[in-house]
Structure formats: structure tokens, C-alpha cells
Q: 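I have a structure here, written as C-alpha cells, and I will follow up with some questions on it.
Proteins come first, then strands; the chains are lettered A, B, ... in the order of their sequence lines, and each starts at number 1.
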2 protein chains.
Amino acid sequence: MPSSTVENYLKQIYLMQQGDEALISMGHIAIAMGVVPGTATSMIKTLADSGLVEYEPRGGVRLTTGGRKLALHVLRRHRLVELFLVKVLGLDWSEVHAEAEELEHSISDKVIDRIDDVLGHPSVDPHGDPIPSAKGHVNDRPTMSLANCETETSLRVARVIDQDPAFLQFASRSGLTPGVSVKVESREAVAGAVSVKPQGAKAVTLGTAAAQKILVEPY
Amino acid sequence: MPSSTVENYLKQIYLMQQGDEALISMGHIAIAMGVVPGTATSMIKTLADSGLVEYEPRGGVRLTTGGRKLALHVLRRHRLVELFLVKVLGLDWSEVHAEAEELEHSISDKVIDRIDDVLGHPSVDPHGDPIPSAKGHVNDRPTMSLANCETETSLRVARVIDQDPAFLQFASRSGLTPGVSVKVESREAVAGAVSVKPQGAKAVTLGTAAAQKILVEPY
DNA sequence: GGCCTCATTTTGACTCCTCAAAATAAAATA
DNA sequence: TATTTTATTTTGAGGAGTCAAAATGAGGCC
Ligand SMILES: [Mn+2]
Ligand SMILES: [Mn+2]
Ligand SMILES: [Mn+2]
Ligand SMILES: [Mn+2]
């Protein structure tokens, strides 16, 4: 049985990894995990010894098939828990990430399967993040963000990729939650500002950094 | 923030302690926690250093006020989680103890309060064990067991004090679950056997050990 | 009192995860 | 190419929780 530390490292590597052969540097892992670089190096070596990652000294690290499988298992628990906390217990979407960060390690498969049933086998969590299936399949819909989508087109918010409670609260206050229809009214590339009009709410102006965190898809 | 190890020790001491000044021996703690005696001794010393228990070398250990408060907090989480798993997720009462043993350490107060709301502020868990209040108050109804109650009287099962799945499954199969009305038809002290008739089920004969685990109260 | 037995405590060691700080390799710059 | 900067790895150490095995204490028994 992997420790929660192992689960957290694997999940983090999965989330940072772009594509299957990309290498993640020790420095980035250390920052993401909130540890000193030496700690990351030594932990990664242990993961490599367990066959969960491939480690290239001074190059970086990537998940093996086994490591990815485990990471997806944790991610599935995390996202199902988040959705459950919102739908069944009525917590706000801005606070469930922190809760799920702990619960993902102590919830059994039996309980997770029951939660999945109760929720009707959902495909995305409250933030629009895809929920991996029990077999480890992820349905990653290709999406663009408010920072690079077409203007004056009918779009829908698909996903908000930031777990910061303050940002999430701002997003829902502005009407920018997954499922909502939006239209980009204007984009000032030089000024780095995007003006968005969510259906049934006032238009908002976002900076590029914020706009990149709101993923949208054609409506 | 106390570690799960600390929480488990405190909860265990609370459950074993009869009365406020009783001392629990190191040997008993070691057995209950599934560790070697030396481990219990050293762990108890750390708890004593944290002011959670009073430790009398070669005498035993008892909870301080602070230790009991923490133990009750854990027990509250444990029992609310058990009930939640049964009522909301539909798990069997025989399997929830093991699940709660893990979840009790990772569920936040916020989530526990929501669970408490959803369940309507229950006073007992699926096994009839009292759920401590958030302030640490326990409502311990005085009860007798099938091994020592009156015969031919209308009684009600109040509590089943054994977490062994096999025993719990046997109990529900026999119709002996909290809330059910029962009548003791006969008791053969020398033979160590009790014959019980649950309402709406066939009469069962229990040995003394089993009978002691079924607590009943006047109907 | 002296001895035996059993529970408890002590000692030394080990795993897991972490940090601080020194050593090293690689990359960037001059 | 030589030098400086930056990332990574190594080394040494510590806390938490555990075990194995030796030492100690307290009663009970002769
Ligand atoms: Mn986590
Ligand atoms: Mn999420
Ligand atoms: Mn526990
Ligand atoms: Mn219970």
C-alpha cells in the first residue's frame, strides 16, 4: 500500500507532466511539493526503485505505466470526493480541494464506488476537471482558454484550472463557472485584458493570467 | 495537530477506561494497539509529555481532561462517519467500522458538521454507540445485556458492542439489531445459553459471550 | 528472607520523510 | 576557453513510530 506521500508525489508528477515522455525537473517537483530540492531527489529515487517513475539523473523524471495508473487512481478519488462534497454535503467549490487533498488517501475503493454510484457516474468534478475512470481512462476534451479563444462566439465554460479559493470565489461571483455560456466581447492583446460576458451576469474584464485559467469550449 | 497514531491511542484508552481515575496497563494498551509492549511504553511517555495522559510508571495510564476531549472528538468523527456510510452510501453496518477507522483522521470539522446536519443530529451510530456532541458530551444510557436482563420482559436492543464483521452479520441475520424488540425466553445459567426471540424473527440461542455483547433496555 | 515469574521499561536499531549545508555537474556568460 | 551562475545531488542529521532483545522491578511463593 503506497503512503500518502508517495500518492501525492505521483499525482503531482502526473499533473505537471505534458505528454508521456516529458521530463519533470527536480526543482519543479520540490516547489510543487513544498520540500527542499534534496528531499525531492531522494524521494524520486525511492519512487524509481519501486518502479513508479523513470529517473534520469540531472535530467528529470517521468511516470512509468504503473506510476501513472496509481496517479490516476488517486486523482479519481480526489475528484469524486470534491464533487461529492459539493453535491451531497453542500460545500462550496472553493473549499473542496483542500478537503479532498486529505480524503483522497483514506477513502477505500468500496466507498469511492458507492460515491460514484450516488453521483451517477459523473465525468467531471466541480471545477470541470475530468474524473478518471476506475480503469484509468481520462476523457480530456480539447479546450481553449478565454485568453486565446475566438471573440464574439458562443462558448461555454468547461473548466477552471486554479484551486485557489480566492480565485474560485471570484470566478463564481463573476458568473464564470463550468457549464455557463459566455461570449468574449473584446480582447486587447497589448493591454493584456479580455472582456467577457457570461450569460445572466454582468461583463467582466480579466487579465491574461486569469483568462488563461478559464477554459472554454464551443457551444 | 495530533497525528493519527496519537488519535488512535487516545481513543483506545478512552474506550478501555472504566471511570475517570482507572489506570490502564501498558500490556493492555500494547495488545489493543497491536504493538510490542516497549512501543506502548514509549508512546505513552510522549502522550504524557504532551499533557494528554497521566502516566504512573509500572502503574498505568489515564486520560487527562485534554486527552479525553481529544478522544471524544475522534470518537464523534468515527461514529458520525459510520452512520453516514450506512445511511447515505448504503454500506453494511458490518463493514463501516474499518472504513471509519481511517476516515476519522482525515475528515475536517467542517465536513463532519455537514454530515451531522444531513443526518439530523443523530445520537447513536449504526451499532447503537452514543455519538459524542461537538462539545464532548456523551449520553451513555445505562443498559443491561442479554446475559443479565430479566426474562419474559419486553426489551429493545440498544447496542451491539463488537466490531467483528462476522459477529455483526450474524446479529443482523438473527434479527438482533439496535431498535428491534426482543424477549428473552429462557436462560440456562449452568449451560451458559440464552434463548432470545426478536420480534419478527425466529428465536435464537446465544452463548454467554455473545449474549454479553447485545445490550438491551426496557421497552 | 530468598527465589521465581511476569509485566514493564530500557537500549539499540531500523524505516520513512524531512532539512541544512556542502559538493558537484551543467549551462550560461564573458 | 575560462569563469560564473544555477540546478542537482550528496552527506549528515533529526523526529516519529516501530521492533527485538536485554535489563529491571514488583509480587507471589517456599
Ligand atoms: Mn493529498
Ligand atoms: Mn478539482
Ligand atoms: Mn483510527
Ligand atoms: Mn460503531
Q: Give A:Thr41 one of three labels, base, sugar-phosphate or nothing, depending on what nucleic acid heavy atoms sit under 4.0 Å from its own.
A: base
Q: Is B:Tyr55 close enough to C:dT9 that one of its side-chain N or O atoms is under 4.0 Å from OP1 or OP2 there?
A: yes
Q: Could you work out which one of C:dT8, D:dC19, C:dT18 sits closest to the side chain of A:Val35?
A: C:dT18
Q: Between B:His127 and B:Trp93, what is the ring plane arrangement, given parallel below 30°, perpendicular above 60°, and tilted in between?
A: parallel
Q: For the pair made of CE in A:Met26 and C1' in C:dT24, what is the distance, rounded to whole Å?
A: 16 Å
Q: For B:Met33 and D:dT18, give me the distance from atom CE to atom P, rounded to whole Å.
A: 7 Å
Q: For A:Thr5, answer base if it contacts any base atom (sugar-phosphate contacts may also be present), sugar-phosphate if it contacts only those atoms, and nothing otherwise; contact means non-hydrogen atoms under 4.0 Å.
A: sugar-phosphate
Q: Nearest-Å distance, CD (B:Glu56) to C1' (C:dT9)?
A: 16 Å
Q: Nearest to the B:Pro57 side chain among C:dT18, D:dT9, C:dT9, which nucleotide is it?
A: C:dT9
Q: Can you tell me how the ring of A:Phe84 sits relative to the ring of B:Phe84, calling it parallel under 30°, perpendicular over 60° and tilted otherwise?
A: perpendicular
Q: If you check every side-chain atom of B:Val36, which of C:dC17, D:dT8, D:dC19 has the closest atom?
A: D:dC19
Q: Given atom CZ of B:Arg58 and atom P of C:dT8, what is their separation to the nearest angstrom?
A: 9 Å
Q: Rounded to whole Å, please give me the gap between CD1 in A:Ile31 and C1' in C:dC19.
A: 16 Å
Q: Side chain of B:Thr39, heavy atoms from C-beta onward: which of C:dT10, D:dT9, D:dT18 has the nearest atom to it?
A: D:dT18
Q: Heavy-atom nearest nucleotide on DNA chain C for A:Gly38 versus A:Ser4: which residue maps closer to 5'?
A: A:Ser4
Q: Is any side-chain nitrogen or oxygen of A:Thr46 closer than 4.0 Å to OP1 or OP2 of C:dC17?
A: no
Q: Tell me whether the OP1 or OP2 atom of C:dC16 has a side-chain N or O from A:Ser3 closer than 4.0 Å.
A: no
Q: Between the side chain of B:Ser106 and the main-chain N/O of A:Ser106, is any donor-acceptor distance below 3.5 Å?
A: no
Q: So, B:Ser94 and B:Gln169: side-chain donor and acceptor under 3.5 Å apart, yes or no?
A: yes
Q: Under 4.0 Å between any heavy atoms, over every strand shown, what does B:Ser42 touch: base, sugar-phosphate, or nothing? Just pick one.
A: base
Q: B:His28 has an atom NE2; how far is it from atom C1' of C:dC6, in whole Å?
A: 13 Å
Q: If you check the A:Pro37 side chain, which of C:dT8, D:dT8, D:dG17 turns out closest?
A: D:dT8
Q: Would B:Ile112 and B:Val81 count as a side chain to side chain contact (heavy atoms under 4.5 Å, CB included) if you check the C-alpha gap in whole Å, the side-chain angles of each, and the deciding distance to 0.1 Å?
A: CA-CA 8 Å; B:Ile112 268 300; B:Val81 165; 4.2 Å; yes
Q: Within this structure, what is the CD1-to-P distance between A:Ile44 and C:dT18, rounded to whole angstrom?
A: 11 Å
Q: Rounded to whole Å, please give me the gap between CG in B:Asn8 and P in D:dA16.
A: 17 Å
